[in-house]
Structures are given as structure tokens and as C-alpha cells.
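Below: the structure, in C-alpha cells.
Just so it is clear, the model here is predicted, and its values are computed rather than measured. Excluded from the calculations below are hydrogen atoms, water molecules and symmetry mates; all remaining heavy atoms, backbone and side chain alike, are included.
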Amino acid sequence: MENAKPADVVDLVDNVKKRLGQDEQYSGLIYSHETSSIHQGPKICLYKTLPTMKEKVDEQIRLAERIRAVDQKGVVEGVLNSHFLPDMAGNIRAFARQKVRCTKCNKKYRRIPLTGECTCGGNLILSISKGSVTKYLEISKELASRYPIDPYLVQRIELIESGINSLFESDRSKQSSLDVFL
């Protein structure tokens, strides 16, 4: 109420650390929910039960919309800044530097051998798939269109999309007829 700084009121707030080594360490603590055992409660949270990342993000944002004290824009920007954008940028970088590995013996090669297969005769696959690079792109674009986020973040999403497109699409021009130039 007085807009005091946290450092000024730290002595007024009771916590367990202050009680350690005293008789009050086991009694008189204030809590919000009565329980007979601290081990009771859900064994698995809702977040883990949701199968896709889109559903997890939608639920997180839906909760943020229901709580008046939470800024939905801040939640969306936080998810993008702390999770989606760094993950996509890192996966683009990793995809460009990736190795190939054998499905049979799991041996890794920096470059595909000239024979096109592993020395054991196994099939070679990329260690990082296209799906792992693009997995958050559509969710990020949808969030950017649904919420008024910082234009800088929108531009970062567009730049990452441009990088993904240049990585997976051929830069060679498509063959066209002479009619195009008339």
C-alpha cells in the first residue's frame, strides 16, 4: 500500500529460513491448504497430460486471460522470447551444421561417405529433421497474429521463417516460358 521497496520490508515477511534452528521451525507456519500429507495431490500436472505444444500454449494463455493480474501480451512475448524463437534459431543453426548417422550401428559421419552408405551397410539419415526446425513456426505466427505483440518479435518470426524457407527451398529459379518476359 505504501509502495515500499522489497528490501525495506524483507524483515516483516516470515519465512522458513528465518525459523531454522529455533523451536518455531516446525510450528506456526502459515499455509493456504489443509492436508494430512504433503505427498498427496496430483502426481502429474495438466501440462504433461496435454499432447501437443499448441494445446499447452493455448491453455497457458487461456489461464493468463482469466487472471486479471496477468498481462496476456507479456505471457505471449515471454513464451516466444524464452522458448520458441531461441529453439527455432538454434535448430536452424544445428541443421546447417548437422551430421548424418547410421540407423544400424549408430555411427556418426560429418559428411556422407562417397559410397552413400555406412561401412556396416546401414542406412544413413540426418541427425536433425526438418520437423524439429519448423515445429514452432506455425504456433509462433498464430500467436503473433492473435495478440498485439512487440513489432520486433513479429520481425524476428518473419526473419526465422525466411531463414527456414531459404534452408529448405531451392534458391534456383523455377523454369519459366518466354511468355513471362513479353
Side-chain angles (χ1 to χ4, degrees), residues 39 41-66 70-182:
H39 302 294
K43 302 286 184 213
I44 187 166
C45 67
L46 177 64
Y47 187 83
K48 287 188 174 185
T49 62
L50 296 171
T52 66
M53 183 55 76
K54 180 173 178 11
E55 290 174 319
K56 292 175 183 184
V57 170
D58 287 344
E59 286 297 319
Q60 181 177 357
I61 293 170
R62 200 177 93 210
L63 179 62
E65 288 170 347
R66 291 176 68 188
V70 174
D71 176 27
Q72 298 92 353
K73 177 185 173 205
V75 171
V76 172
E77 288 179 350
V79 168
L80 290 171
N81 269 327
S82 66
H83 188 94
F84 290 171
L85 297 179
D87 188 87
M88 287 190 294
N91 285 344
I92 289 171
R93 193 177 318 109
F95 187 88
R97 298 177 180 172
Q98 75 176 313
K99 300 175 181 179
V100 293
R101 73 172 179 84
C102 175
T103 56
K104 191 175 179 182
C105 69
N106 211 27
K107 185 174 181 182
K108 293 182 177 128
Y109 295 92
R110 213 173 98 197
R111 293 182 195 87
I112 297 175
L114 293 175
T115 59
E117 59 183 32
C118 183
T119 52
C120 74
N123 187 27
L124 296 173
I125 61 170
L126 296 173
S127 57
I128 300 170
S129 68
K130 177 182 177 182
S132 67
V133 176
T134 61
K135 66 183 170 187
Y136 298 133
L137 181 61
E138 290 307 315
I139 301 172
S140 299
K141 287 170 41 179
E142 182 186 325
L143 290 173
S145 67
R146 268 185 15 208
Y147 295 92
I149 62 171
D150 186 8
Y152 170 74
L153 287 177
V154 175
Q155 289 177 349
R156 280 189 65 194
I157 293 168
E158 291 169 356
L159 282 171
I160 287 175
E161 182 179 24
S162 173
I164 288 171
N165 290 339
S166 85
L167 187 63
F168 294 113
E169 293 176 5
S170 174
D171 289 338
R172 292 180 288 197
S173 62
K174 308 285 188 254
Q175 186 173 355
S176 57
S177 67
L178 292 175
D179 296 339
V180 175
F181 301 100
L182 294 177

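The main-chain N or O of Ser132 is found under 3.5 Å from a side-chain atom of Asn91 such that the two form a donor-acceptor pair. A donor-acceptor distance shorter than 3.5 angstrom exists from the side chain of Thr52 to the backbone of Glu55, with no hydrogens or angles considered.
Atom CD of Glu169 is separated from atom OG of Ser162 by 9.5 Å, given to the nearest 0.5 angstrom. To the nearest 0.5 Å, atoms CD (Gln72) and CZ (Arg146) are separated by 11.0 Å. Atoms CG and CD1, on Leu137 and Ile164 in that order, are 4.5 Å from each other to the nearest 0.5 Å. To the nearest 0.5 Å, atoms CG (Asp71) and CD (Glu77) are separated by 7.5 Å. The CD1 atom of Ile157 sits 11.0 Å away from the CD atom of Glu142 when rounded to the nearest 0.5 Å. To the nearest 0.5 Å, the span separating CG on Asn81 from CG on Leu85 amounts to 6.5 Å.
With contacts defined as side-chain heavy-atom distances shorter than 4.5 Å, the pair Arg101/Ile125 qualifies. Looking at Lys108 and Ser127, their side chains never come closer than 4.5 Å, going by heavy atoms from C-beta outward. Residues Pro113 and Leu124 are in side-chain contact: their nearest non-hydrogen atoms beyond the backbone lie under 4.5 Å apart. Between Phe95 and Leu126, the closest side-chain pair of non-hydrogen atoms falls below 4.5 Å. The shortest side-chain heavy-atom distance between Ile61 and Leu143 falls under the 4.5 Å cut-off.
Within a 6.0 Å radius of CD1 in Ile112, no more than 12 heavy atoms belonging to other residues, nucleotides or ligands are found. In Arg93, the CZ atom is not crowded: 12 or fewer heavy atoms of neighbouring residues, nucleotides or ligands sit closer than 6.0 Å.
By the salt bridge (charged side-chain N to carboxylate O under 4.0 Å, His left out) test, Arg97 is found to be paired with no residue, residues two or more places apart in sequence or in another chain being considered.
Nearest approach of Ala144 to Val154, heavy atoms of both residues: CB-CG2, 4.3 Å. Heavy-atom minimum distance, Ser166 versus Gly163: OG-O, 3.2 Å. What you find for Ile128 and Ala94 is that their closest heavy atoms are CD1-CB, 3.3 Å. Closest of all the heavy-atom pairs between Val133 and Phe168 is CG1-CE1, 4.0 Å. Of all heavy-atom pairs spanning Gly122 and Cys102, the tightest one is CA-SG, 3.7 Å. The two residues Leu46 and Thr49 make their nearest non-hydrogen contact at O-OG1, 2.6 Å.
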Using the rule given for salt bridge (Lys or Arg N to Asp or Glu O under 4.0 Å), can you reason through Arg62 versus Glu59, listing the C-alpha separation, both sets of side-chain angles and the distance that settles it, and then say yes or no? CA-CA 5 Å; Arg62 200 177 93 210; Glu59 286 297 319; 2.8 Å; yes
Under the side chain to side chain contact (heavy atoms under 4.5 Å, CB included) rule, what do Cys120 and Lys107 come out as? Steps first, then yes or no, please. CA-CA 9 Å; Cys120 74; Lys107 185 174 181 182; over 6 Å; no
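Remark: Glu138 engages Lys141 in a salt bridge, criterion side-chain N to carboxylate O under 4.0 Å. Using a 4.0 Å cut-off between charged side-chain N and carboxylate O, Lys54 and Asp58 make a salt bridge. Using a 4.0 Å cut-off between charged side-chain N and carboxylate O, Asp150 and Arg156 make no salt bridge.
Under the 30°/60° scheme for interplanar angles, the aromatic rings of Tyr136 and Phe84 are found to lie parallel.
Remark: Lys56 qualifies as a cation-pi partner of Tyr47 under the 6.0 Å distance and 45° angle criteria applied to the six-membered ring.
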